[in-house]
Amino acid sequence: MNAEKPSERKTVDSHIVAVTVYSDQALVTRRGVVSLTGLERELVITPLPNTLETESVRVSGTGRVAVRLLGVRTERIFSTEPVADRLGQLTRQIQQLDAEWHHLQAQVDGLVLQSRFIEGLREQTQEPFAQSLSRKNLSLSETLDFLNFLGSQYTEYAIATRGYKTQQQELEKQLQVLRQQLQHIQTPHSKESLSLTVTVEPAGAGEFELEVSYVVHHASWTPLYDLQLSTDSNYLKLTYQGEVTQSTGEDWIGVALTLSTAKPGLGTLPPKLEPWYIDVPRPKESPMGRARFSMAMAARGVESSNEDTELPEENLIVAQTVVAEVSKEGSVVTFKMSSNSNIQSDGAPHKMTIFTDDFSCHCEYVAMPRLVSFAYLQANVKNSPNGATLLPGKANVFRDNVFVGTTQLDHIAPGQEFKLNLGIDEGLKIERSLVERLVDKKLIGNSRKITYGYRLFVTNLLKQEAHLKLTEQLPVSRNEQIKVRLTRSNPQIQLGEMGILEWMLTFSPEAKREIYYQFIVEYSSELTVVGLEI
């Protein structure tokens, strides 16, 4: 049996050039250049992370020599992690933090001695000061000065001690984490990874660039939004951000990063209905088989570069946000980042701006004075018909550069309208009062009648026109013997379902308007009505 020649197997030094991140996985593209002699039969790339989906591996290549790619196989390899460097680093960090903790403890001990001295001084001088005051040997102002001195010193020492102890607590938390890490790496354990072997048949000698793509798990991206509204304009500035996290086992350094809304894990075929069985209960059986995911594409990297620009010291230039190149293919939207990205495999979130755009919007106020005596500002926004789909995600809302809160955006398609709540706006002042409550003492046909009247004053404190949807509410009867009737309203309005009164009002700048309505509740005098405590 002939032994394998060393020249028939060659390891390719590769690096990640491109990554496409989906909602729950990522497609990674690696490239490496190797000089072939023509005798190679296997090209090896190692190590690769064990989060790799082996069935997703695809290989291709180009070069100055013809090469046939005959097959691909993956193997699991186990190795002991080198811990000497990490062990020394952790030990030095622990020693440094421990020294800082003891330095703080020395400061605390010194303050304790000073506090005890002040306390002793107070006890020793208490009786002599009382005698001196009674004999009028000391003035009241001199006594107060001394007491103030003792109090200020004692307070100063107490505050400083508390500050040092707080710093010690933070150091103790850091030390606990580092000691846990130290204990972890001191315990021998093996590291699992994958080795990828490509069977090749080169036609001769020459340089060859091998490209490998594969899907990895433990990678995802979620959308985040910053919504900035200026109340004196009809536009909403939306900043679309992507937050990428990954713990795939390999760092993405200097890669061409693409964020995609595609869901490759759901497969390419629509689901198939299976028979719907009914039966008597049977013992549970273990499921047989499992779903497998296969991807029949290889990603090509997109090279990008950063240009360094020297700025004159005398000029101040506003920083420019790097945004992504947006492309659509059917319902799938991809965001290709315009600069090389560095994302460590540490599970930490990495934020990057996808794009910033202005959306047309119309603002209006809504108010329900019976519940809250404030008006709420709402913006009716429309996504651009040619814009990108906005995926569900958290949005930070700003109004006139002031943070007002967070909200959750739903799935918003191009051209779709959506409503954005912007919180309380004190630009509209609302006053509501019960101005009439008249109980008719004359019983007509054994029925009792109560009249209620409410008056509201709404003042536009803004220097611009304001639109308000004002909603009031009448009681709704659940008994046929209790009647509720709207008798007057100004401005006049029809009573809606469930006792709702709704006015659509427009206010000129700094204008004030009065709204009034009156209703009657009529019921049998023999009844006891609940719910009218308004």
Side-chain angles (χ1 to χ4, degrees), residues 20-24 220-245 257-266 320-339 341 349-366 375-425 427 464-469 504 506:
T20 300
V21 186
Y22 303 101
S23 60
D24 60 352
S220 63
W221 79 277
T222 55
L224 295 173
Y225 304 92
D226 278 349
L227 307 176
Q228 298 183 1
L229 177 73
S230 176
T231 53
D232 58 357
S233 69
N234 295 323
Y235 287 94
L236 173 77
K237 184 178 181 181
L238 183 145
T239 301
Y240 195 166
Q241 297 177 320
E243 185 176 82
V244 181
T245 58
L257 187 68
T258 301
L259 309 181
S260 176
T261 64
K263 300 184 182 297
L266 297 181
Q320 181 179 3
T321 302
V322 179
V323 297
E325 176 186 340
V326 183
S327 61
K328 293 194 295 184
E329 185 174 344
S331 61
V332 175
V333 182
T334 59
F335 308 106
K336 191 173 295 181
M337 308 312 294
S338 59
S339 63
S341 302
H350 299 262
K351 294 181 183 179
M352 52 199 67
T353 300
I354 296 174
F355 68 81
T356 299
D357 200 0
D358 290 333
F359 289 65
S360 62
C361 68
H362 170 71
C363 291
E364 67 176 8
Y365 293 87
V366 295
Y376 289 78
L377 182 63
Q378 289 183 338
N380 298 305
V381 191
K382 184 176 182 180
N383 192 4
S384 172
N386 299 321
T389 299
L390 304 181
L391 298 178
K394 178 183 174 183
N396 298 314
V397 183
F398 298 84
R399 187 175 76 232
D400 296 329
N401 295 322
V402 176
F403 176 71
V404 297
T406 61
T407 188
Q408 189 74 18
L409 288 190
D410 296 326
H411 186 281
I412 301 171
Q416 180 180 343
E417 293 185 356
F418 62 99
K419 187 168 292 185
L420 185 64
N421 294 310
L422 299 170
I424 292 174
D425 191 321
Q464 60 192 37
E465 188 177 73
H467 304 276
L468 171 66
K469 181 172 74 172
M504 302 300 296
T506 299

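Just so you know, residue 1 is the first one in the sequence shown, and it goes up from there. It should be emphasised that the depicted structure is a prediction, and the values quoted were computed from it without experimental measurement.
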Exercise. What's the shortest heavy-atom distance between Tyr365 and Ala375, and which atoms?
Worked result: CD2-CB, 4.1 Å
Exercise. Where is the tightest heavy-atom contact between Pro414 and Ala388, given as atom of each residue plus distance?
Worked result: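 Pro414 and Ala388 have their closest heavy atoms at CG-C, 4.3 Å.
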Within this structure, what is the [atom1]-[atom2] distance for the pair [X] and [Y], rounded to the nearest 0.5 Å?
X	Y	atom1	atom2	result
Thr258	Tyr22	OG1	OH	9.0 Å
Phe398	Ser230	CZ	OG	14.5 Å
Glu243	Met352	CD	CE	9.5 Å
Ser23	Leu259	OG	CG	11.5 Å
Thr407	Lys419	OG1	NZ	12.5 Å

Exercise. In this structure, which one of Ile354, Thr222, Leu224 forms a side chain to side chain contact (heavy atoms under 4.5 Å, CB included) with Gln241?
Worked result: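 Among Ile354, Thr222, Leu224, the one meeting side chain to side chain contact (heavy atoms under 4.5 Å, CB included) with Gln241 is Leu224.
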Exercise. Taking only residues two or more places apart in sequence or in another chain, which ones pass side-chain hydrogen bond (donor to acceptor under 3.5 Å, both in side chains) with Ser220?
Worked result: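 Listed in chain order: Thr245.
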With a 4.5 Å limit on heavy-atom distance, are the side chains of [X] and [Y] in contact?
X	Y	result
Tyr225	Leu391	yes
Asn396	Phe403	yes
Thr353	Thr239	yes
Asn380	Glu364	yes
Lys394	Gln408	yes
Leu238	Leu390	yes
Leu229	Cys363	yes
Pro349	Val244	no

Exercise. Are more than 12 heavy atoms from other residues, nucleotides or ligands located less than 6.0 Å from atom OH of Tyr235?
Worked result: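 Open: at most 12 neighbouring heavy atoms sit under 6.0 Å from OH of Tyr235.
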Exercise. When the ring planes of Tyr240 and Trp221 are compared, do they come out parallel, tilted or perpendicular, using 30° and 60° as the limits?
Worked result: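 Tyr240 and Trp221: tilted rings.
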For this session: Fit a plane to each ring of His362 and His467, take the angle between them on a 0 to 90° scale, and name the class: parallel (under 30°), tilted (30 to 60°) or perpendicular (over 60°).
Result: tilted
Exercise. Please walk me through it: do Leu236 and Leu420 pass side chain to side chain contact (heavy atoms under 4.5 Å, CB included)?
Worked result: CA-CA 10 Å; Leu236 173 77; Leu420 185 64; 4.1 Å; yes
Problem set entry | Steps toward side chain to side chain contact (heavy atoms under 4.5 Å, CB included) verdict (Leu257, Val21) | CA-CA 8 Å; Leu257 187 68; Val21 186; 3.7 Å; yes
Exercise. Would a distance-only check, ignoring hydrogens and angles, find a side-chain to backbone donor-acceptor pair under 3.5 Å from Asn383 to Gln416?
Worked result: no
